[in-house]
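This is a predicted model, so every value here is computed, not measured. So that the names make sense, note that chain A is the first sequence line, chain B the second, and so on, each numbered from 1.
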Number of protein chains: 2
Amino acid sequence: MTTGTAEAGARGAADTRTRLLDTALRLFTEHGVEGTSLQMIADALGVTKAAVYYHFKAKDEITEAVTEPALRELDAIVTEASKQRRRGAQIDHLLAGFIDLVVRHRALVALFSSDPGVARAVEKSIHGSEDFKQGLLGLLCGDNPDTAAMVTAHVALAGLAMAGGSPAMAALDDETLREALLEVGRRLLGRPRHRTA
Amino acid sequence: MTTGTAEAGARGAADTRTRLLDTALRLFTEHGVEGTSLQMIADALGVTKAAVYYHFKAKDEITEAVTEPALRELDAIVTEASKQRRRGAQIDHLLAGFIDLVVRHRALVALFSSDPGVARAVEKSIHGSEDFKQGLLGLLCGDNPDTAAMVTAHVALAGLAMAGGSPAMAALDDETLREALLEVGRRLLGRPRHRTA
DNA sequence: GTCTATACCGCGATAGAC
DNA sequence: GTCTATCGCGGTATAGAC
């Protein structure tokens, strides 16, 4: 993409796209997706609305692009966790990975949990790999998804994500939050509590 | 049904308002708040947008009005729970009341947890009684709100609410869901599990 | 007191000039 | 690649019919 004469081309194209996504994420976390207009993004970049539309055909595409990296990470975590042989190890792997993801992408997660635009984008992004949406729950529930296990899994995933993204936790550093969430998650899923990494 | 002048006057006001809120809640749960326009609400009622605007000065007021009954119930639950003398009883009371509320108002709760418009409305509605927003957490955390307790409380409230409102639980009847959530909540908050009411 | 007609402005989105 | 111009729809607002 950046070959030869394309210094300007590389900057105008890919770099503007990157700047746009950075700006969008910042504005999204400040005002929500709904509360962020394309005009605001364009102004922050010093271009017009139509220029933004050159890079993304619709606002939804921006939302999707913003959430994509985190979703790919989540997909990788689920895949890797499912490779573990013992069920306990699967859950441990998934729990640690999920929580780590939530902590590192706190701002995004907060958005994720409170914005239907983001939820829509997420659902679209995982159109191909629906395995992993159900896989997440499947790994936690085991082979026999009885009511109690299903409810527990839902409470765990939703609760850990929302608590991690909550403004009330913003003051906590990553280490502290991660350990606190891990302990709660372990208790919830019936895993023995152990090493404080 | 006849549009006689007297009957229209008697029926038009309060009843239209009620019908409007019922319709709004239905459309909100179907399409989300953002995805429901005043035009859609007006069409469903057989009136014009301006007629809707007569009953509510802004869309946010509709959202607030829709969430208000559940919030009042929650407020009552917190108040009553705080009157319990033993801390264990406070938690038990709060947990049971909260979960019962979530189960009975599932559709609203699902909306509540995934729509910034609703979240905004909720924050506005409790302007006067901010006691109870913090009171909810305060009752769960006790006097010493250390990190672990705070995180646990957040995971519990958010997780139980979102799990209860999740489409995945829609097939469960109230009794079953309530008991499943109660058991998870008790384990999470370190309460002994007991009677299946 | 309840509703209709109408207008305003900002939003997401499209078409076409440079 | 970026711009200007324009469109339709959304929430909001007012004047006035009944």
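A straight line from CG of B:Leu38 to P of C:dT4 spans 14 Å, rounded to a whole angstrom. Rounded to a whole Å, the CG atom of A:Asp43 is 13 Å from the C1' atom of C:dG10. Atom CG of B:Asp60 is separated from atom P of D:dA13 by 12 Å (rounded to the nearest Å). Nucleotide C:dT4 holds its C1' atom 15 Å from the CG atom of B:Leu45, rounded to whole Å. Per the geometry, OH belonging to B:Tyr53 stands 12 Å off C1' belonging to C:dC8, to the nearest Å. As rounded to whole Å, 13 Å separates atom P of C:dC3 from atom CZ of B:Arg17. When rounded to the nearest whole Å, the span between CD1 of B:Ile62 and P of D:dG10 equals 14 Å. B:Glu61 has its CD atom 10 Å from the P atom of D:dT12, to the nearest Å.
Among D:dG11, C:dT4, D:dT4, the nucleotide with an atom closest to any side-chain atom of B:Lys59 is D:dG11. If you check D:dT12, D:dT14, C:dG12 against the side chain of B:Ala50, the one that comes closest is D:dT14. Looking at the side chain of B:His55, the nearest of the listed nucleotides D:dC3, C:dC3, C:dG12 is C:dC3.
The one candidate from B:Leu94, B:Leu188, B:Thr152 that meets the side-chain contact (heavy atoms from CB on, under 4.5 Å) condition with B:Leu140 is B:Leu94. Each of B:Leu108, B:Val103, B:Val102 was scored for a side-chain contact (heavy atoms from CB on, under 4.5 Å) with B:His105, with one residue passing: B:Leu108.
Toward the 5' end of DNA chain D, the nearer of the two residues A:Lys49 and A:Val52, judged by each one's closest nucleotide, is A:Val52.
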Let me see the working for A:Thr176 and A:Asp173 under side-chain hydrogen bond (donor to acceptor under 3.5 Å, both in side chains), right down to the final yes or no. CA-CA 6 Å; A:Thr176 307; A:Asp173 62 291; 2.6 Å; yes
Would you sort out whether B:Val52 and B:Ile62 count as a side chain to side chain contact (heavy atoms under 4.5 Å, CB included), showing the intermediate values? CA-CA 9 Å; B:Val52 173; B:Ile62 302 179; 3.9 Å; yes
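In terms of phosphate contacts, A:Thr48 brings a side-chain nitrogen or oxygen within less than 4.0 Å of OP1 or OP2 of D:dC3. Residue B:Tyr54 places at least one side-chain N or O closer than 4.0 Å to OP1 or OP2 of C:dT2. Under 4.0 angstrom from either OP1 or OP2 of C:dT2 there lies no side-chain N or O belonging to B:Thr16.
No more than 12 heavy atoms of other residues, nucleotides or ligands lie within 6.0 Å of CZ in B:Arg72, so this atom counts as exposed by the packing criterion.
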